Amino acid sequence: MTWKEVEEALQTVKFAIVPIGAHEQHGPHMVESCDAVLAEKMAIKLGQRLYPFAIITPTVNMGVSQHHLHFPGTISLQPTTLISLLKDIVGSLKEHGINKFLWLNSHGGNQATLSVASMILTKELNVEIYYAKTTASAKKAIQSSITSSLFGHSCEREVSEALYLAPELIRHDQLAKGDIQEEGRWKQLRPGKALQGFYYYEEMTHNGCIGDATKASRDIGCDIVEEALDNISDELQKLFQLKTDISV
Ligand SMILES: [Zn+2]
């Protein structure tokens, strides 16, 4: 957009959507920009649903991916770098009168940092910040279509989302099941266990993915993405009272 176009959009805009992804290995069958591209595509769909109340910023296309660094190509930010970057983005947009933000994040490894960043920046910049994991709220579609007990990275869920939103991310002839390590301390450190701790991804899976990407389909992706968009846009409409504030 030009600054004139932004100026005009700001007449009705109530909040900014900041898509946040990662640049990290996604197994043998997806490219490293996967999370950044999926976050951006979801942000555009969400922005269309909430027109003319939302403006979408450029995508933060790297995230906290230390646990993938032993696979070629991964580029990771330090958590403190991501917090600094978000501080500058939010601070700049505040100059233009935007005080409410949705950080639309597609990468699980960013969630802890976003929790800390939202706590710090809400107070420091005197703004409202919310963050959402892109498709985590699509509980019905995920429960009815995902069968692997361990999923969440380049699995049937994520590959299905990509089949729906950005099939160019996928090497369709390379689709593989996660090559999971049966032994190892990663099993002791999973969420929900007594102890939590950092482990590298190759301790859990030889080929860098989990779940079973061969079970992915565009229909599953459509169900998951659209249910998540329904949930996120409903919550935002309630939170920001979007329908009642402005008559379109
Ligand atoms: Zn991913």
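Just so you know, ligand 1 is whichever comes first in the structure, and atom 1 is the first atom listed for that ligand. Below, each value reflects all heavy atoms present in this structure, side chains not excepted, and no hydrogens, waters or symmetry copies. Here the structure is a predicted model, which means the values were calculated and not measured.
- Among the atoms of Glu158, an N, O or S atom falls under 2.8 Å of the Zn ion (ligand 1).
- Screening residues 2-13 for salt bridge (charged side-chain N to carboxylate O under 4.0 Å, His left out), with sequence neighbours left out, gives no hits.
- Legend: residues meeting side chain to side chain contact (heavy atoms under 4.5 Å, CB included) with Glu227, ordered by chain and number and at least two apart, are Ala138, Lys140, Ala141, Asn231.
- Checked by atom type, the side-chain pair Asn61/Thr59 shows no donor-acceptor distance below 3.5 Å.
- For Asp35, the N, O or S atom with the smallest separation from the Zn ion (ligand 1) is OD1.
- Thr135 and Glu161 form a side-chain donor-acceptor contact under 3.5 Å, judged by distance and modelled atom types alone.
- The Zn ion (ligand 1) has an N, O or S atom of His26 under 2.8 Å away, backbone or side chain.
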